[in-house]
Amino acid sequence: MIVLDVFEAIHGRRSIRAYKDEPVPDNVLKKILEAAIMAPSAGNLQPWEFVIIRDRERKERLAMAALGQMFIAEAPVVIVVGADKDRTSWRYGERGETLYCIQDTAAAIMNLMLAAYALGYGTCWIGAFHDDEVARIVGFPKNVRPVAIIPLGKPDEKPRAPPRMPLEKVVHLEKYGNRWKQ
Ligand SMILES: Cc1cc2nc3c(=O)[nH]c(=O)nc-3n(C[C@H](O)[C@H](O)[C@H](O)COP(=O)(O)O)c2cc1C
């Protein structure tokens, strides 16, 4: 059993773009996906959908659809995460379709990435891709919008943390523009 402080996971996770040639066992995938679906969602409607891809050719097609980011095809597993707009819009209308279902799915993706890190696996959130092509490759129906492509595998690199903007720049006190002094 892995015990990892939540702050250690948040600070230690990096986007990984090089993977070892080692398969990802099903029990690891299950644990990661179980963490993903524990994310909060509007009305607990859980609009997320996950497609697990191990097939080499399908991974290559996804990499091409992601503007030629070929490292995606080198990961032993790729997970395409989609948001089912219908699952949220029947209750929340346009706000459900354009905002909640994407927010819910993004929260699930973050859980997935942190869980993968806690188990010793690397991921990278891929957001640059042609929606229609990705949907076609994984067979999403019209109501499911692809939100992210997540390559997953044992890291074969140790990137440094890209810099973050300082808190003083992005945190405001009471109203936007009022500096938060610590
Ligand atoms: C919505 C979104 C889209 C992204 N799209 C890509 C992408 O298409 N290709 C890529 O290599 N990284 C992509 N990234 C990863 C970011 O480049 C990365 O998270 C950022 O540089 C911070 O690095 P870190 O994840 O190691 O902290 C994306 C991240 C997010 C959240």
Side-chain angles (χ1 to χ4, degrees), residues 4-21 24 32-33 35-42 46-53 56 58-85 88 95-138 140 144-171:
L4 199 62
D5 181 78
V6 69
F7 290 97
E8 200 183 325
I10 287 169
H11 288 277
R13 180 211 58 82
R14 289 277 67 76
S15 289
I16 298 299
R17 299 180 178 88
Y19 314 91
K20 293 206 168 113
D21 189 17
V24 181
I32 290 171
L33 291 165
I37 64 168
M38 288 312 293
S41 63
Q46 307 165 54
W48 40 70
E49 295 286 340
F50 307 88
V51 181
I52 299 164
I53 293 124
R56 174 84 209 179
R58 204 182 302 274
K59 286 190 291 186
E60 279 174 8
R61 287 169 63 202
L62 284 170
M64 290 307 293
L67 320 182
Q69 301 186 71
M70 295 315 290
F71 69 87
I72 296 168
E74 302 306 322
V77 169
V78 175
I79 303 174
V80 175
V81 191
D84 184 338
K85 297 182 268 180
T88 307
R95 193 169 176 80
E97 177 169 340
T98 59
L99 185 62
Y100 292 163
C101 79
I102 305 298
Q103 289 178 322
D104 300 340
T105 306
I109 294 165
M110 200 60 242
N111 273 14
L112 183 156
M113 293 172 80
L114 289 174
Y117 175 75
L119 293 171
Y121 288 82
T123 58
C124 185
W125 184 318
I126 306 293
F129 53 77
H130 297 293
D131 287 14
D132 290 353
E133 278 176 43
V134 170
R136 199 173 324 115
I137 293 164
V138 301
F140 279 156
V144 180
R145 176 174 184 177
V147 176
I149 300 173
I150 311 288
L152 168 75
K154 280 272 166 72
D156 201 20
E157 62 170 353
K158 272 195 182 157
R160 292 162 66 112
R164 262 46 178 182
M165 282 192 266
L167 283 180
E168 305 83 69
K169 189 169 162 56
V170 294
V171 181

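We number each residue from 1, following the sequence as shown. We count ligands from 1, going down the list as the structure has it; atoms in each ligand are counted the same way.
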Checklist entry - Taking the six-membered ring of Tyr19 as reference, does the NZ or CZ atom of Lys154 fall below 6.0 Å from its centre and within a 45° cone about the axis? => result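 Geometry flag: not set, cation outside 6.0 Å or 45°.
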Item to check | Arg14 CZ: over 12 foreign heavy atoms closer than 6.0 Å | outcome: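 Counting other residues, nucleotides and ligands, CZ of Arg14 exceeds 12 neighbours.
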Checklist entry - For Met70, does the CE atom have more than 12 heavy-atom neighbours from other residues, nucleotides or ligands under 6.0 Å away? => result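 Counting neighbours around CE of Met70, more than 12 heavy atoms of other residues, nucleotides or ligands fall under 6.0 Å, so yes.
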Next on the checklist: Which residue in the set Val78, Val138, Val81 passes side-chain contact (heavy atoms from CB on, under 4.5 Å) when paired with Ile149?
Outcome noted: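 The passing option is Val78.
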Next on the checklist: With a 4.0 Å heavy-atom cut-off, what residues sit around ligand 1?
Outcome noted: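 Only Arg13, Arg14, Ser15, Arg17, Gln69, Phe71, Cys124, Trp125, Ile126, Gly127, Ala128, Pro162, Arg164 have heavy atoms that fall under 4.0 Å of ligand 1, ordered by chain and number.
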Next on the checklist: Looking at every heavy atom in both Phe50 and Ile37, which two are closest together, and how far apart are they?
Outcome noted: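 Heavy atoms of Phe50 and Ile37 come nearest at CE1-CG2, 3.8 Å.
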Item to check | Test: Glu74 and Arg56 ion pair at under 4.0 Å | outcome: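 Yes, charged N to carboxylate O under 4.0 Å.
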